[in-house]
Protein chains: 2
Amino acid sequence: MSLKHAVLGFLSIAPMSGYDLRKHMEESVAHFWPADQAQIYRTLGHLAADGLVTVTTIPQEGKPDRREHAITEAGLAELDDWLASPVEYVPSREVFLVRLFFVGRLGVDRVRDVLRERADEARELAAVLEQTRDASEQAVAAAGITLDLEMRLRLATLANGLAHARAELDWTQDLLAELTD
Amino acid sequence: MSLKHAVLGFLSIAPMSGYDLRKHMEESVAHFWPADQAQIYRTLGHLAADGLVTVTTIPQEGKPDRREHAITEAGLAELDDWLASPVEYVPSREVFLVRLFFVGRLGVDRVRDVLRERADEARELAAVLEQTRDASEQAVAAAGITLDLEMRLRLATLANGLAHARAELDWTQDLLAELTD
DNA sequence: GTCACCTATATGACAAGTCCTCTATTCGGC
DNA sequence: GCCGAATAGAGGACTTGTCATATAGGTGAC
């Protein structure tokens with residue numbers, strides 16, 4: 001599991017409430033690691049139980065209390081161990097390919113429709129990623145910040161998504177062309 | 001869930017035992033939909049309970065009984081409904097990107113190592129997919145079979161994996177190059 | 001004025017997937 | 001003769017992730 005490590009990673013940057021975490025994840029890692037709110041809170045519970053984070057309740061006026069989670073030494077050690085562990089390939093499930101594998105049953109017209117729908121989605125995804133990437137880059141430029149390693153890697157995850165979206169788009173296009181023969 | 005539909009898909013080709021299913025899936029869809037043996041049997045159980053497949057026990061000599069599962073009309077209807085339903089984008093989780101997002105902590109050397117390990121895996125995956133694709137194509141050519149729509153689509157799923165493996169490889173390469181600045 | 005949304009957390013029920021173990025027999029290799 | 005692989009199935013325990021719902025005050029829109 002990796003939500004655990006994603007959470008530790010965020011807490012290594014700054015202490016946060018579950019709510020903060022959710023928002024940060026939403027706007028940074030959601031495109032390759034979507035996180036459910038319930039799951040985040042549960043994970044924080046486990047981390048606290050394991051002594052990888054500590055919890056401080058901060059009362060607020062008008063708003064519900066914040067339960068701020070800070071990473072411990074043990075938590076940092078766990079995070080670094082994971083980061084230092086060997087990279088292993090995890091095959092990602094692609095429902096779309098399951099569909100494609102069998103959709104021939106419904107005839108070539110449906111196949112073409114399915115591929116066009118897929119192409120639309122790939123295009124849209126690419127557009128969204130491009131936009132967020134450009135926005136991030138402009139924000140960095142406007143602030144006059146030097147791009148440090150961390151920032152570069154975070155931008156690289158966007159580039160990764162973009163590369164795959166484009167690969168998917170090209171592939172659908174090629175297949176569509178092949179099917180017109 | 002899609003294992004259900006993958007199973008229905010296979011049973012739409014021919015009746016099968018759970019064992020057969022496992023083997024067929026292993027050598028055809030495993031690269032985009034890895035299926036656990038226990039999961040397959042459980043899914044078959046659900047499908048039978050829902051009347052989407054029927055089960056016939058076939059005694060065998062020397063070997064355990066086969067429990068052959070055949071798709072019903074209702075099962076075919078369910079499969080076709082799913083195939084005809086709108087395609088929707090399912091974001092796939094990429095543990096590697098979570099790692100990359102935070103590995104900057106450990107310094108640029110570890111980052112480079114991580115990327116090289118990833119590149120190796122992408123290369124290996126590409127090689128495997130290329131090999132199976134070529135083998136399938138040669139088998140088809142040797143048998144002198146005309147490539148029907150179904151066959152083409154099945155080869156296309158291999159091409160898809162290949163396209164993404166190459167995209168991943170290119171991306172790691174680009175990023176490595178960028179990090180030497 | 002009320003309706004929806006934001007802040008903030010939590011839980012229960014469920015679905016899906018992974019891992020491990022177990023049962024039984026046959027066949028081939030060394 | 002033993003070991004392991006192939007054939008065939010099943011179940012328990014556990015982890016992950018999803019969905020829905022609840023509480024509860026504050027803010028802005030129309």
Side-chain angles (χ1 to χ4, degrees), chain A residues 1-8 10 15-27 29-50 53 55-69 82 88-95 98, chain B residues 1-8 10 15-27 29-30 32-50 52-53 55-69 82 88-95 98:
Chain A
M1 106 154 124
S2 196
L3 180 55
K4 173 180 166 184
H5 295 114
V7 167
L8 286 175
F10 277 102
M16 272 179 233
S17 69
Y19 187 80
D20 295 337
L21 216 40
R22 226 219 109 231
K23 280 185 27 189
H24 281 122
M25 295 189 74
E26 193 56 46
E27 61 189 33
V29 298
H31 67 102
F32 57 85
W33 204 275
D36 187 76
Q37 175 254 19
Q39 194 68 17
I40 290 176
Y41 281 104
R42 246 193 307 263
T43 302
L44 282 173
H46 294 322
L47 292 175
D50 293 350
V53 303
V55 190
T56 321
T57 303
I58 300 170
Q60 295 186 117
E61 293 158 33
K63 295 173 191 170
D65 294 354
R66 286 169 60 76
R67 288 172 33 83
E68 209 162 71
H69 295 73
W82 179 67
E88 46 195 294
Y89 173 68
V90 181
S92 61
R93 289 169 199 280
E94 288 297 339
V95 206
V98 176
Chain B
M1 103 150 132
S2 195
L3 180 55
K4 172 179 166 183
H5 295 113
V7 167
L8 286 175
F10 277 101
M16 273 178 231
S17 67
Y19 187 81
D20 295 337
L21 214 42
R22 225 220 109 227
K23 280 186 24 190
H24 281 123
M25 295 189 75
E26 193 58 45
E27 61 189 34
V29 298
F32 56 87
W33 204 274
D36 187 75
Q37 175 254 19
Q39 195 68 15
I40 289 174
Y41 281 103
R42 249 194 303 267
T43 302
L44 282 173
H46 294 322
L47 291 174
D50 294 350
L52 303 182
V53 305
V55 189
T56 321
T57 303
I58 301 170
Q60 295 186 119
E61 295 158 32
K63 295 174 192 171
D65 293 354
R66 286 170 61 76
R67 289 172 31 84
E68 207 162 72
H69 296 73
W82 178 68
E88 46 195 295
Y89 172 69
V90 181
S92 61
R93 288 169 201 280
E94 287 297 338
V95 206
V98 176

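In the text below, chain A, chain B and the rest are named by the order of the sequence lines, each starting its count at 1.
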Quick check: does any side chain N or O of Arg93(B) sit under 3.5 Å from a backbone N or O of Ser92(A), one acting as donor and the other as acceptor? no
Donor-acceptor contact below 3.5 Å, side chain Asp50(B) vs main chain Leu52(B): no
Under 4.0 Å: is that the gap between some side-chain N or O of [X] and OP1 or OP2 of [N]?
X        : N       : value
Arg93(A) : dT18(C) : yes
Lys23(A) : dA8(C)  : no
Ser17(A) : dT9(C)  : yes

Salt-bridge contact Arg66(B)-Asp20(B) (side-chain N to carboxylate O under 4.0 Å): yes
Cationic N near anionic O, under 4.0 Å, Arg22(B) to Glu26(B): yes
Which nucleotide in the list [options] gets nearest to the side chain of [X]?
X        : options                   : answer
Ala38(A) : dG17(D), dG12(D), dC19(D) : dC19(D)
Arg67(B) : dG9(D), dA20(D), dA8(C)   : dG9(D)
Tyr19(A) : dT9(C), dA10(D), dG17(C)  : dT9(C)
Leu3(B)  : dG17(C), dG9(D), dT18(D)  : dG17(C)

Mind calculating the distance between [atom1] ([X]) and [atom2] ([N]) to the nearest angstrom?
X        : N       : atom1 : atom2 : answer
His5(A)  : dT15(D) : NE2   : P     : 15 Å
Met25(B) : dT18(C) : CE    : C1'   : 15 Å
Asp20(A) : dT9(C)  : CG    : P     : 7 Å
Met16(A) : dA8(C)  : CE    : P     : 13 Å
Gln37(B) : dA5(D)  : CD    : P     : 17 Å
Asp36(B) : dA13(D) : CG    : C1'   : 13 Å
Leu21(A) : dA10(C) : CG    : C1'   : 15 Å
Lys4(B)  : dG17(C) : NZ    : C1'   : 17 Å

Quick one: pull up CG in Leu3(B) and OG1 in Thr43(B) and give me the separation to the nearest 0.5 Å. 4.0 Å
Rounded distance [0.5 Å steps], CG in Asp36(A) versus CE in Met25(A): 11.0 Å
Under 4.0 Å, heavy atom to any atom of DNA chain C: which of residues 40-50 of chain A qualify? Tyr41(A), Arg42(A)
Measure distances between side-chain N and O atoms of Gln39(A) and base N and O atoms of dT18(D), and say whether any donor-acceptor pair falls under 3.5 Å. no
If we only count heavy atoms from C-beta on, is the His24(B) to Met16(B) side-chain gap below 4.5 Å? yes
